[in-house]
Amino acid sequence: MDSKLKVYNTLTRKKELFKPQKYPFVGMYVCGPTVYSDVHLGNCRTFVSFDLIYRYLLHLGYKVRYVRNITDAGHLEGDRDEGDDKFTKKAKLEKLEPMEIVQKYTIGFHEVMRLFNTLPPSIEPTATGHISEQIEMIKQIIKQGFAYEINGSVYFDVEKYSAKHNYTVLTNRLLEDLLTNTRELGGQDEKRGHLDFALWIKAKPEHIMRWPSPWGIGFPGWHIECSAMSNKYLGDHFDIHGGGMDLTATHHTNEIAQSEACHGKQPATYWLHTNMLTVNSTRMSKSAGNGFLPGELFTGNHPLLHRGYPPMTIRFFMLQAHYRSTLDFSNEALDASDKGYNRLMNAVSLLDKLKPSNQSSCDDLLSIQERCYEAMNDDFNSPVLIAELFEVVRMINSIYDGKMQATQKDLAIIKQLIQEFVFDVLGLQEVEYQAHDMSKIIDWIIQIRTEAKTNRDYTLSDKIRIGLHNLGIQLKDNKEETTWSKVL
RNA sequence: GGUCGGGUGGCCGAGUGGCUAGGCAGAGGUCUGCAAAACCUUUUACAGCGGUUCGAACCCGCUCCUGACCUCCA
């Protein structure tokens with residue numbers, strides 16, 4: 001199938017037709033979390049965005065190898081290439097082994113990803129599991145002349161690199177500006193140029209995470225792991241490299257430099273970057289202290305939250321904005337998404353009850369389907385897709401109410417649209433109502449109320465309706481039957 | 001200070017030259033024993049000022065506001 005998918009490429013700052021280098025195979029690398037603390041909602045947004053992208057590529061029939069790393073070593077605290085990495089520091093703080101920190105937050109991350117219904121990546125490599133690959137790559141970079149060793153540490157020589165390559169391809173910045181504008185850092189630096197960054201860092205005696213290397217005992221720099229692991233699993237050049245926008249200027253710029261220096265080519269064709277989640281229009285981040293933890297969001301246990309929201313509501317909330325736009329977080333916005341999501345899912349739950357007619361008064365379903373594809377083909381425009389799906393919601397409700405007629409064929413298309421776009425592509429899940437036993441009990445109570453209504457015993461029927469409402473069950477009368485849902 | 005974005009109705013959020021985005025909230029109606037839901041109709045927009053154009057939220061200029069990156073963060 002001839003794909004019409006267009007993706008926005010940070011390298012060219014344009015939307016480009018997506019052409020994988022070896023159809024139908026697609027290699028996609030996404031920078032994963034640094035597991036030294038709980039993932040916050042902003043992190044989750046990025047992974048939900050790439051889950052949407054992954055799901056849509058799969059839906060289009062591509063064979064995707066999706067690699068998302070776990071950073072469990074080498075990510076430094078502070079702004080100097082010395083001192084502790086985040087794990088060593090956290091381990092001291094919590095009086096645990098660094099790998100206990102890693103294990104704890106990796107499990108937490110996976111649990112949150114599961115709640116958000118993201119598909120697991122094909123490969124989830126860790127930095128500590130690929131120390132030798134990183135060392136090999138550093139050796140190669142030194143051999144090519146783009147890195148130098150000082151006192152057991154190895155640094156990437158940005159100045160030398162920029163003489164032959166464009167260091168600022170991703171950001172379009174002028175190198176001179178970077179050189180002049182970089183803030184003067186306190187402390188003595190052993191780097192030659194202040195844009196230089198560490199590939200390998202000498203471990204101080206008390207540093208716990210340490211590995212032998214040709215340059216002595218140390219640990220890898222933060223950027224080299226992604227270059228080494230993407231290369232190992234996806235090769236010298238793969239199709240998509242993704243991550244949060246905050247990684248563009250530093251992490252990804254350095255990744256490109258390392259890969260280019262080592263293999264002589266750009267690591268990826270398309271660079272995709274997701275935008276930030278904001279709170280009161282300020283970026284949500286760990287250091288700003290305005291980061292919500294998913295758990296706090298689910299329970300509502302946070303000073304800024306009026307109540308808790310289910311994971312699917314939050315996923316829906318994220319998908320209602322385009323991945324390259326900032327998304328502002330507020331109770332009001334989440335309330336709106338919660339209701340919208342429930343409206344969508346209530347309609348979905350009516351699908352099996354729809355009765356076909358001999359004639360059709362539906363809107364043109366095939367053109368709706370086409371518009372759904374157009375939306376997603378336009379750089380994964382999920383908000384537009386959702387707008388189209390609400391047209392389908394309106395139709396489902398109308399058919400259910402008998403105000404619109406649909407043929408067997410119409411119903412088949414509607415069901416296909418819902419399955420493909422609501423579940424497969426958007427990755428939404430139906431709210432799990434109570435256990436089955438509970439539904440049966442409610443159905444039984446509804447039956448008693450229906451008998452009361454037939455007998456015009458409205459005192460009893462109201463008592464049942466109000467009583468159930470107080471327990472969180474909303475009854476909905478219809479000419480033929482009574483349905484129920486959770487109180488919104 | 002430098003670089004790059006953004007300012008859309010009560011809120012969130014699409015849209016890049018002419019055609020209803022959508023969700024939530026508000027108003028009216030249909031249905032209904034009541035309630036809810038659903039459906040129909042409907043009010044409040046494109047930061048400001050100029051310019052280009054037959055025509056601009058969309059292109060250009062200026063002004064104001066705001067965010068991100070430049071230092072760890074998805």
Side-chain angles (χ1 to χ4, degrees), chain A residues 13 30-34 36-37 39-50 75-80 85-86 168 171-174 176-178 180-183 185 222 242-251 273-278 281-288 291 316-317 320-322 324-341 343-344 346-347 350 371 375 378 381-391 393-398 400-404 453 456 458 461-462 465-466 469 474-479 482-485 487-488:
Chain A
R13 290 167 190 271
V30 173
C31 291
T34 302
Y36 71 104
S37 67
V39 285
H40 64 67
L41 203 63
N43 303 113
C44 295
R45 186 189 179 198
T46 292
F47 303 127
V48 167
S49 294
F50 280 105
H75 203 154
L76 293 173
E77 280 286 338
D79 52 10
R80 265 174 268 154
D85 67 14
K86 289 169 187 277
T168 54
T171 53
N172 260 345
R173 272 181 207 150
L174 292 171
E176 298 80 60
D177 288 344
L178 284 183
T180 37
N181 289 324
T182 301
R183 197 180 58 178
L185 302 173
W222 173 37
M245 262 181 197
D246 51 347
L247 299 180
T248 313
T250 308
H251 185 58
H273 289 99
T274 59
N275 215 320
M276 302 291 105
L277 187 65
T278 60
S281 60
T282 305
R283 174 185 170 190
M284 184 179 286
S285 75
K286 288 178 186 175
S287 49
F316 183 73
F317 167 70
Q320 270 188 304
H322 189 260
R324 281 192 293 115
S325 301
T326 55
L327 172 61
D328 201 51
F329 180 92
S330 69
N331 287 282
E332 292 72 24
L334 278 176
D335 282 341
S337 287
D338 194 45
K339 293 193 177 172
Y341 169 70
R343 186 160 163 248
L344 172 63
N346 277 330
L350 294 176
R371 288 201 298 273
D378 184 16
N381 198 327
S382 55
V384 169
L385 169 63
I386 288 171
E388 293 298 337
L389 291 173
F390 272 104
E391 293 302 307
V393 165
R394 187 176 49 75
M395 275 194 269
I396 292 172
N397 285 326
S398 294
Y400 180 70
D401 285 349
K403 291 169 185 158
M404 196 180 255
K453 278 172 63 184
R456 299 189 154 265
Y458 295 123
S461 71
D462 283 354
R465 177 172 54 74
I466 295 163
H469 187 271
Q474 175 69 59
L475 298 188
K476 296 174 208 171
D477 287 341
N478 166 296
K479 274 184 183 161
T482 300
T483 55
W484 62 277
S485 65
V487 176
L488 303 182

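Computed from a predicted structure; not experimentally measured. Numbers restart at 1 for each chain; the letters A, B, ... are given by sequence-line order, proteins then strands.
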Counting any heavy atom closer than 4.0 Å, what does [X] reach on the DNA or RNA strands: base, sugar-phosphate only, or nothing?
{"X": "A:Leu277", "result": "base"}
{"X": "A:Thr250", "result": "sugar-phosphate"}
{"X": "A:Gly243", "result": "sugar-phosphate"}

Checking A:Ser461 side chain against A:Tyr458 main chain: does a donor-acceptor pair fall under 3.5 Å?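 Judged by distance alone, yes, a pair lies under 3.5 Å.
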
Look at the aromatic rings of A:Phe317 and A:Phe329 and report parallel, tilted or perpendicular, splitting at 30° and 60°.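 A:Phe317 and A:Phe329: perpendicular rings.
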
Identify which nucleotide among B:C39, B:A35, B:A74 has an atom closest to any side-chain atom of A:Gln474, counting heavy atoms from C-beta outward.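 Closest of the options to the side chain of A:Gln474: B:A35.
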
Whole-Å distance between [N] [atom2] and [X] [atom1]?
{"X": "A:Phe316", "N": "B:G23", "atom1": "CZ", "atom2": "C1'", "value": "7 Å"}
{"X": "A:Leu344", "N": "B:A38", "atom1": "CG", "atom2": "P", "value": "12 Å"}
{"X": "A:Arg324", "N": "B:G67", "atom1": "CZ", "atom2": "P", "value": "22 Å"}
{"X": "A:Asn478", "N": "B:C39", "atom1": "CG", "atom2": "P", "value": "13 Å"}
{"X": "A:Lys476", "N": "B:C39", "atom1": "NZ", "atom2": "C1'", "value": "14 Å"}
{"X": "A:Leu385", "N": "B:G23", "atom1": "CG", "atom2": "P", "value": "14 Å"}
{"X": "A:Ile466", "N": "B:C34", "atom1": "CD1", "atom2": "P", "value": "14 Å"}
{"X": "A:Met284", "N": "B:A74", "atom1": "CE", "atom2": "C1'", "value": "12 Å"}

Would you measure the distance from the [atom1] atom in [N] across to the matching atom in [M] and give it in whole Å?
{"N": "B:U52", "M": "B:C59", "atom1": "C1'", "result": "8 Å"}
{"N": "B:C62", "M": "B:A25", "atom1": "P", "result": "43 Å"}
{"N": "B:G9", "M": "B:A14", "atom1": "P", "result": "13 Å"}

Go through the structure and list residues passing side chain to side chain contact (heavy atoms under 4.5 Å, CB included) with A:Ser325, not counting sequence neighbours.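 By the side chain to side chain contact (heavy atoms under 4.5 Å, CB included) rule, A:Ser325 matches A:His322.
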
A:Val384: partners by side chain to side chain contact (heavy atoms under 4.5 Å, CB included), with sequence neighbours left out: A:Ala375, A:Asn381

Taking the side chain as every heavy atom from C-beta outward, state whether A:Thr46 and A:Leu277 have any pair of such atoms under 4.5 Å apart.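 Sidechains of A:Leu277 and A:Thr46: no contact.
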
If you assign each of A:Asp401 and A:Ile386 to its closest nucleotide in RNA chain B, which residue comes earlier from the 5' end? A:Ile386

Need to verify one output field. Residue with the more 5' nearest nucleotide on RNA chain B, A:Val393 or A:Asp335? A:Asp335

Give me, pair by pair, the N or O atoms of the protein and of nucleotides 40-45 of chain B that are less than 3.5 Å apart, along with how far apart they are.
unit_1: B:C40; atom_1: OP1; unit_2: A:Arg394; atom_2: NH1; d: 3.4

Heteroatom pairs (N/O) under 3.5 angstrom, protein to nucleotides 26-33 of chain B:
unit_1: B:G33; atom_1: O6; unit_2: A:Ser461; atom_2: OG; d: 3.2
unit_1: B:G33; atom_1: N1; unit_2: A:Asp462; atom_2: OD1; d: 2.8
unit_1: B:G33; atom_1: N2; unit_2: A:Asp462; atom_2: OD1; d: 3.1
unit_1: B:G33; atom_1: N2; unit_2: A:Asp462; atom_2: OD2; d: 2.5

Between the protein and nucleotides 4-13 of chain B, which nitrogen or oxygen pairs are less than 3.5 angstrom apart?
unit_1: B:G13; atom_1: OP1; unit_2: A:Asp328; atom_2: N; d: 2.8
unit_1: B:G13; atom_1: O2'; unit_2: A:Gln320; atom_2: O; d: 3.3

So which heavy atom on A:Gln320 is nearest to which on A:Pro383, and how close?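 That closest heavy-atom pairing would be O-CB, 3.2 Å.
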
One should report the stems of RNA chain B, each a stretch of at least three consecutive Watson-Crick or G-U pairs at distances under 3.5 Å, as B:1-7 with B:64-70, B:10-12 with B:22-24, B:26-30 with B:38-42, B:47-51 with B:59-63

Test side-chain contact (heavy atoms from CB on, under 4.5 Å) on A:Leu350 and A:Asn397 and set out the steps. CA-CA 8 Å; A:Leu350 294 176; A:Asn397 285 326; 3.5 Å; yes

Do any side-chain nitrogens or oxygens of A:Asn397 fall under 4.0 Å of OP1 or OP2 in B:A38? no

Establish, with yes or no, whether the OP1 or OP2 oxygen of B:C39 is under 4.0 angstrom from a side-chain nitrogen or oxygen of A:Arg343.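 So the side-chain polar atoms of A:Arg343 do come within 4.0 Å of the phosphate oxygens OP1 or OP2 of B:C39, strictly under.
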
Using a strict threshold of under 4.0 Å (side-chain N to carboxylate O), is an ion pair present between A:Asp477 and A:Arg465?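 Answer for the salt bridge query: no.
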
A:Val393 vs A:Arg343, test: side-chain contact (heavy atoms from CB on, under 4.5 Å). Steps then yes/no. CA-CA 8 Å; A:Val393 165; A:Arg343 186 160 163 248; 4.2 Å; yes

Once rounded to the nearest 0.5 Å, what's the spacing between atom CG of A:Leu385 and atom CG of A:Leu389? 4.5 Å

